[in-house]
Asker: 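The following block contains the structure, expressed as structure tokens.
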Amino acid sequence: MVAEFDYEELLKATGNFSPSRLIGKGSHGSVYAAKFIIRNNESLIVAVKKPQQILHGHDHHARTDDSNLENEIRVLSALPENPHIIKLLGTSHDSARNCRLLVMEFMPNGSLHDLLHVAETPPSWSKRVETVLQIAKAVRSLHGGVVAVPPHHQPYSVIVHRDIKSENVLFDSDWVAKLADFGLAVALDDVDSASDGPGPGQVPAAAGTIGYLDPCYTAPSKLSTKNDVFSFGVLVLEIVSGRKVMDVSRSWTSLAEWAAPLIRERRLDEIYDTRVPSPDGDVAVGSTVRELLYVAASCVSLEEDCRPSMSDVVGGMLGRLVRVDRFPIWMTSFLRGVMLVRIKRRKKLAKRWRQIKCDEAPIIECRQGVTQYGDDHDVPKRNRFTLRELLLAG
Ligand SMILES: Nc1ncnc2c1ncn2[C@@H]1O[C@H](COP(=O)(O)OP(=O)(O)OP(=O)(O)O)[C@@H](O)[C@H]1O
């Protein structure tokens, strides 16, 4: 059940949708910050998305184009909560324009696009790795890859986002990345793959953003989760290289076309973002970033069947990547060493690397030959270790 916000209150909270409250504009709508005073001068800021007005006919009368926004509301309200997917807070009805508005959590730290291409300080390698993993988890959950669905959630349809790009990855106040803009998303259960064309229940026309768009998605009937896997691969290349996905000022125009041959020839250092020191300066970070590029190369393969599923991507990353965000690299490497020693001693654990927990904060997630995927809470307790336990076991 989606909460209903009073339109008059939204008007007040956005200063009548004042331009000073405008935080972003897309091709389908404008997003405003709405400030509510809750109690004792405490305020809560939410983001409100309003559909675009388009000029229509000879007399150029304004008409509201709310089809994308209605689609976004439908998809977001059907999704279970996920820490890496933008949270829908509710809707509101503008009776004058006869359209609905979407109210969602406010993401104060802007988009990944701005962090990569506009911010003065480019992100560290650890931030990049963390963001890739968070987005991979978000897309995996859309594709239905989460095997352990909490009991209060209904199983849900496979959803293809169709517009995965750095502009649609937003950061919350803790710099956690979340996937946003579900205007083009399609629930595969809702469409009849036998019938192309506009209208409810029919497969929508192919759509997406140039540069991220899967070249195999040439007709409505080619709609599949593999389209998102391709866009995700491009996004990873963008994150590692710090380059824009389309750049007409260069000899190449598409990032995927430029990077894929370099990865095949193992010329990975030519792809790294040169604004930050090479990741190869640290063994753990270097191998992690190289791993990301191999994942990206398989995602942007022109053979759809060669692309991994998002479950494979997340599982592979959890199995091989070292999370370097919470502790210095030397500490994660040290803990990895300690864990290896313990594994040798305890044959029982040898085949089942899972996760090292440090005072309940996961720092290394390792899974080998294990096909069960899921978030941190899915990992059985007996395979968790605290820092104290590891040091005592040393
Ligand atoms: N919850 C939010 N918090 C903060 N800023 C946001 C939020 N949602 C969107 N924005 C900003 O508004 C911009 C436009 O939003 P969005 O991409 O959802 O609109 P759109 O019309 O669907 O875009 P597109 O042209 O990609 O279809 C985003 O790029 C982002 O900068």
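For ligands, and for the atoms within them, numbers begin at 1 and follow the listed sequence.
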Asker: With no hydrogens and no angle check, is any side-chain donor or acceptor of Ser254 less than 3.5 Å from a backbone partner on Glu257?
Answerer: yes
Asker: His84 side chain to Ala177 main-chain N or O, any donor-acceptor pair under 3.5 Å?
Answerer: yes
Asker: Check each heavy atom of Ile86 against ligand 1 and say whether those closer than 4.0 Å belong to the side chain, the backbone, both or neither.
Answerer: side chain
Asker: Looking only at heavy atoms, what is the nearest atom pair of Gly233 and Cys299, with distance?
Answerer: CA-CB, 3.6 Å
Asker: Report the nearest protein non-hydrogen atom to atom 3 (N) of ligand 1: residue, atom name, distance rounded to 0.1 Å.
Answerer: Met107 N, 3.0 Å
Asker: Can you pull out the closest protein heavy atom to atom 17 (O) of ligand 1? Residue, atom name and distance to 0.1 Å, please.
Answerer: Asp181 OD2, 3.2 Å
Asker: One pair to check against side chain to side chain donor-acceptor pair (under 3.5 Å): Ser18 and Tyr32. What are the steps and the verdict?
Answerer: CA-CA 8 Å; Ser18 139; Tyr32 293 83; over 6 Å; no
Asker: Tell me: protein heavy atom nearest atom 11 (C) of ligand 1, and distance?
Answerer: Gly24 CA, 3.9 Å
Asker: So for atom CZ, which belongs to Arg275, do other residues, nucleotides or ligands contribute more than 12 heavy atoms lying within a distance under 6.0 Å?
Answerer: yes
Asker: Which atom pair, heavy atoms only, marks the closest approach of Trp125 to Val289?
Answerer: CE3-CG2, 3.8 Å
Asker: Over 60° means perpendicular and under 30° means parallel, so classify the ring planes of His161 and Phe182, tilted if in between.
Answerer: perpendicular
Asker: So if I count the atoms of ligand 1 from 1 in the order they appear, which ones are less than 4.0 Å from some heavy atom of Glu167?
Answerer: 29 (O)
Asker: Which protein non-hydrogen atom lies closest to atom 18 (O) of ligand 1, naming both residue and atom, and how far is it?
Answerer: Lys49 NZ, 2.6 Å
Asker: I need the atoms of ligand 1 closer than 4.0 Å to a non-hydrogen atom of His28, numbered in the order shown.
Answerer: 21 (O), 27 (O)
Asker: Is there a donor-acceptor pair under 3.5 Å between the side chain of Arg100 and the backbone N or O of Ile73?
Answerer: no
Asker: Any idea which atoms of ligand 1 are less than 4.0 Å away from a heavy-atom of Asn168?
Answerer: 17 (O)
Asker: Quick one: does Ser111 get within less than 4.0 Å of ligand 1, heavy atoms only?
Answerer: no
Asker: Using a 4.0 Å cutoff against the non-hydrogen atoms of Ala47, which atoms of ligand 1 qualify?
Answerer: 1 (N), 2 (C), 3 (N)
Asker: Short list, please: which atoms of ligand 1 are under 4.0 Å from a heavy atom of Gly26?
Answerer: 14 (C), 19 (O), 20 (P), 21 (O), 23 (O), 25 (O)
Asker: Check Asn68 against ligand 1 and report side chain, backbone, both or neither, counting heavy atoms closer than 4.0 Å.
Answerer: neither
Asker: Taking the side chain as every heavy atom from C-beta outward, state whether Ile164 and Asn168 have any atom pair closer than 4.5 Å.
Answerer: no
Asker: Indicate whether the side chain of Glu4 and that of Thr91 have a donor and an acceptor atom separated by less than 3.5 Å.
Answerer: yes
Asker: Give the atoms of ligand 1, by number and element, whose distance to some non-hydrogen atom of Ser27 is under 4.0 Å.
Answerer: 21 (O), 23 (O), 24 (P), 25 (O), 27 (O)
Asker: Check ligand 1 against Ile23 and write out every atom of the ligand that is under 4.0 Å from a heavy-atom position of the residue.
Answerer: 4 (C), 5 (N)
Asker: Using a 4.0 Å cutoff against the non-hydrogen atoms of Gly29, which atoms of ligand 1 qualify?
Answerer: 21 (O)
Asker: Evaluate Tyr212 against Arg162 for side chain to side chain donor-acceptor pair (under 3.5 Å), listing each step before the verdict.
Answerer: CA-CA 9 Å; Tyr212 297 91; Arg162 299 205 300 165; over 6 Å; no
Asker: For atom 1 (N) of ligand 1, what is the closest protein heavy atom, and at what distance to 0.1 Å?
Answerer: Glu105 O, 2.8 Å
Asker: Write out the residue and atom name of the closest protein heavy atom to atom 15 (O) of ligand 1, then the distance separating them to 0.1 Å.
Answerer: Val31 CG2, 3.6 Å
Asker: Is it true that Glu72 lies under 4.0 Å from ligand 1, counting heavy atoms only?
Answerer: no
Asker: Return yes when His113 approaches ligand 1 closer than 4.0 angstrom through a heavy atom, no otherwise.
Answerer: no
Asker: Give me the residue, atom name and distance of the protein heavy atom closest to atom 6 (C) of ligand 1.
Answerer: Leu170 CD1, 3.7 Å
Asker: Could you tell me whether the side chain of Asn68 and the main chain of Gly183 form a donor-acceptor pair under 3.5 Å?
Answerer: yes
